[in-house]
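In what follows, chains are A, B, ... by sequence order, proteins preceding strands, each numbered from 1.
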Number of protein chains: 2
Amino acid sequence: MPAQRPRGVSIQDVARAAGVSRQTISNAINAPHKLRPDTLERVTALIEEMGYRPDQSARSLRSGTRRIIAYTTPETDPDNPNALMSGFLEAMVAAAGEAGYRILLVRPRPGQSRARALEDVIAARTADAILLSDVLEDDPCVDYLHETGFPFAVFGRTGPGRPQAWVDVDSAQAMIDLVGLLSSHGHRRVAYLGTSAALPWLRHREAGFRIGMRRFGLAGHEAFVDGLDEVVAVARDLLNRSPRPTALVLDDDWLAPGAYAAAQAEGLTVGADLAVTGFNDMPYTRLLQPPLTTVRLPLRRIADALVSRLLQSVEEGEPPEAGLLLAGDPVLRPSMTTVE
Amino acid sequence: MPAQRPRGVSIQDVARAAGVSRQTISNAINAPHKLRPDTLERVTALIEEMGYRPDQSARSLRSGTRRIIAYTTPETDPDNPNALMSGFLEAMVAAAGEAGYRILLVRPRPGQSRARALEDVIAARTADAILLSDVLEDDPCVDYLHETGFPFAVFGRTGPGRPQAWVDVDSAQAMIDLVGLLSSHGHRRVAYLGTSAALPWLRHREAGFRIGMRRFGLAGHEAFVDGLDEVVAVARDLLNRSPRPTALVLDDDWLAPGAYAAAQAEGLTVGADLAVTGFNDMPYTRLLQPPLTTVRLPLRRIADALVSRLLQSVEEGEPPEAGLLLAGDPVLRPSMTTVE
DNA sequence: GCGCGTGATATGAACGTTCACAGGACCTAG
DNA sequence: CTAGGTCCTGTGAACGTTCATATCACGCGC
């Protein structure tokens, strides 16, 4: 038995109380310049006093705008939640909030594809725009959204020849910078420990590492792990190749605890005998001993760029023509070493 | 110049195409049992074919229900995002989704109090219910919401004599269990390293530790840290008290890297000479060497309980009478040791 | 003093849905 | 054959807002 929730004060109530018409109240809120100063002040005070807020549904129904951005949350493995998401969402909520928009979390129902969930959002006119992340190169959602003409943006680049409504971190460049940093600290033999998952950003980091190594004329090996258990063993193996590397580059912070343990097992002291670098600047990397040198993602700038692109699509009907790459910020912490 | 977004198919369009009235289409969606099987099938097929979805705003305006739960995200310190949130939100989105609800993230505008942001949500009829977390003992939001009679629930207990619409983890009991686990592994001298922040859940853990120590007849010291930098030094100090503790209980996983480093500095091997336990089961604790024994929060059960309480409030108008404490799950990993 | 322009305020309609109720078809029993 | 009941379907109204447009008041120039 759904309770009959009492409706609140309506625009009509305020209008009557103020002795003006509905439209005047509406204008006081949406176009204050159209009112005479004295009327505006009187009406504004009354609105405040009566606690009037325009009913969001009625406003949306009439005006066609919802001030909501839908975000389809990727289905995270509960064993390994994408810790990044919390920071990204945080930034998105802040950026959207400043533009007067809110974020609605949309999850495909069990057995429902992401594209289908998006179709629901669009057809039910639930949101003004859609935000995607964690898309693969050939994700059908991107093409689907592009076809519908519905405003959307993506965190993470899409392939060439496909809609370019994305913002992404220039992972490759950040990795090149990191290798350059190692080079300038005197390192000549640098090993790379990566994750073998086929995720685009991981491959960009790997590519960046190789470019950096070539550019700075460094030598080294690469190795990849598939799961938690392998990390220490594979890292030890890397550290044992000869000549022994003086630095270990990780493609993600999550490998760091394993790398530290491997170093210790090999009798090496991170921050003295061995430099270790990560990627992402997860909060806990600052708590490792020694704290980890890593790359911070410019989450707030990413969020700002995404919001501005979304709003451009919504307000001007024109999707952005090209993707936007933002630089990551290397964060130098004591896990870096200097080689004589 | 806001683009005139073309409106989609309306209920009227489908009705005309099917040769029936609006109400029949509405019934096909909201009360299928009211239609004859053949009509239902025909209409359903047509709805599917035309891609009709009821306009959310129109539906909300008329029926007064939004199928949205607003969640005010706590303003996280960007330097130390509450990593838990990502897992909690994940669980909430899933639990709410199964009940047909979505989560709307609401952030107070700069300079706006949380209570004021909630007032906006209620007055603008943006959501059917409100979810809070990270409330302090005397948070005014709780009383405010209670007064309005608006459906709400809280993750985290509220003080006695105040509205009890909460679900929480029984941190104290979990800590008692953890001490019991140490006791059953032969430990007799156990040290406690806590965080000094005045957060309710930290104080519950501390209280649980003391109760457990008394109950199992163990001896030990306690120490508290205020920031990142102190962790290693304070932990080393704890390990140096005599008689030296055989186990170190942390009030949060984030202290673990520092505790491991302290142990190493003292020449102790975690998992052999020293047991270490954490709290929260953050993802990275599994990657520490050795993996950390900790307490997993039953996030999914918490989310389910919160959603069921919210829906009860929404549908029956009756707020729950008492809070609900859920047990945490101790997770035994190699950082535990056995003392002869 | 009067017409006209300008800017503020008021009015009716419309957005798309669901509610309440009216109407109609069909079946069964008398 | 018809009355009465049971489903099923259709119609008008209403939700609260904003859009388009009408009306009004006022000041200014002639």
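- Between B/R66 atom CZ and C/dG16 atom C1' there is a gap of 14 Å when expressed in whole angstrom units.
- Look at B/S63 and you won't find any side-chain N or O under 4.0 angstrom from OP1 or OP2 of C/dT18.
- Nucleotide C/dT17 holds its C1' atom 9 Å from the CG atom of B/N30, rounded to whole Å.
- By the salt bridge (Lys or Arg N to Asp or Glu O under 4.0 Å) test, B/R67 pairs with no residue at all, sequence neighbours left out.
- Going from atom CD1 of B/I25 over to atom C1' of C/dT17 covers 13 Å, rounded to whole Å.
- Nucleotide C/dT17 holds its C1' atom 17 Å from the CZ atom of B/R125, rounded to whole Å.
- Regarding A/Q12, its CD atom lies at a distance of 10 Å from the P atom of D/dG16, rounded to whole Å.
- Ionic pairing of B/E119 and B/R114 is not present here: no N-O contact between side-chain nitrogen and carboxylate oxygen is shorter than 4.0 angstrom.
- By the 4.0 Å N-to-carboxylate-O rule, B/E98 lies too far from A/R107 to be salt-bridged with it.
- Minimum heavy-atom separation, A/P163 to A/F152: CB-CZ, 4.1 Å.
- Open room surrounds CD on A/E41; 12 or fewer heavy atoms of other groups in view lie less than 6.0 Å from it.
- Note on A/D304 versus A/R300: salt bridge recorded, some NZ/NE/NH1/NH2 to OD/OE distance being below 4.0 Å.
- B/Q56 has its CD atom 15 Å from the C1' atom of C/dC15, to the nearest Å.
- Atoms CG (A/D55) and P (C/dC15) sit 18 Å apart, rounded to a whole Å.
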message = Using side-chain contact (heavy atoms from CB on, under 4.5 Å), reason through B/T65 and B/R59 one step at a time and then give a plain yes or no.
response = CA-CA 8 Å; B/T65 163; B/R59 171 180 267 194; 5.7 Å; no
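- From one end of the helix from C/dG1-D/dC30 to C/dG30-D/dC1 to the other, with five pairs defining each end axis, the axis direction shifts by 60° (rounded to 10°).
- Per the geometry, CD1 belonging to B/I29 stands 12 Å off C1' belonging to C/dG16, to the nearest Å.
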note = Each nucleotide of nucleotides 8-14 of chain D classed B (base within 4.0 Å of a protein heavy atom), S (only sugar-phosphate) or -, in 5' to 3' order, makes SSBBBBB
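- A salt bridge links B/E48 and A/R116; the closest N-O separation between the charged side-chain nitrogens and carboxylate oxygens is under 4.0 Å.
- Checked options A/D139, A/D138, A/D143; the residue passing with A/R162 is A/D143 (criterion: salt bridge (Lys or Arg N to Asp or Glu O under 4.0 Å)).
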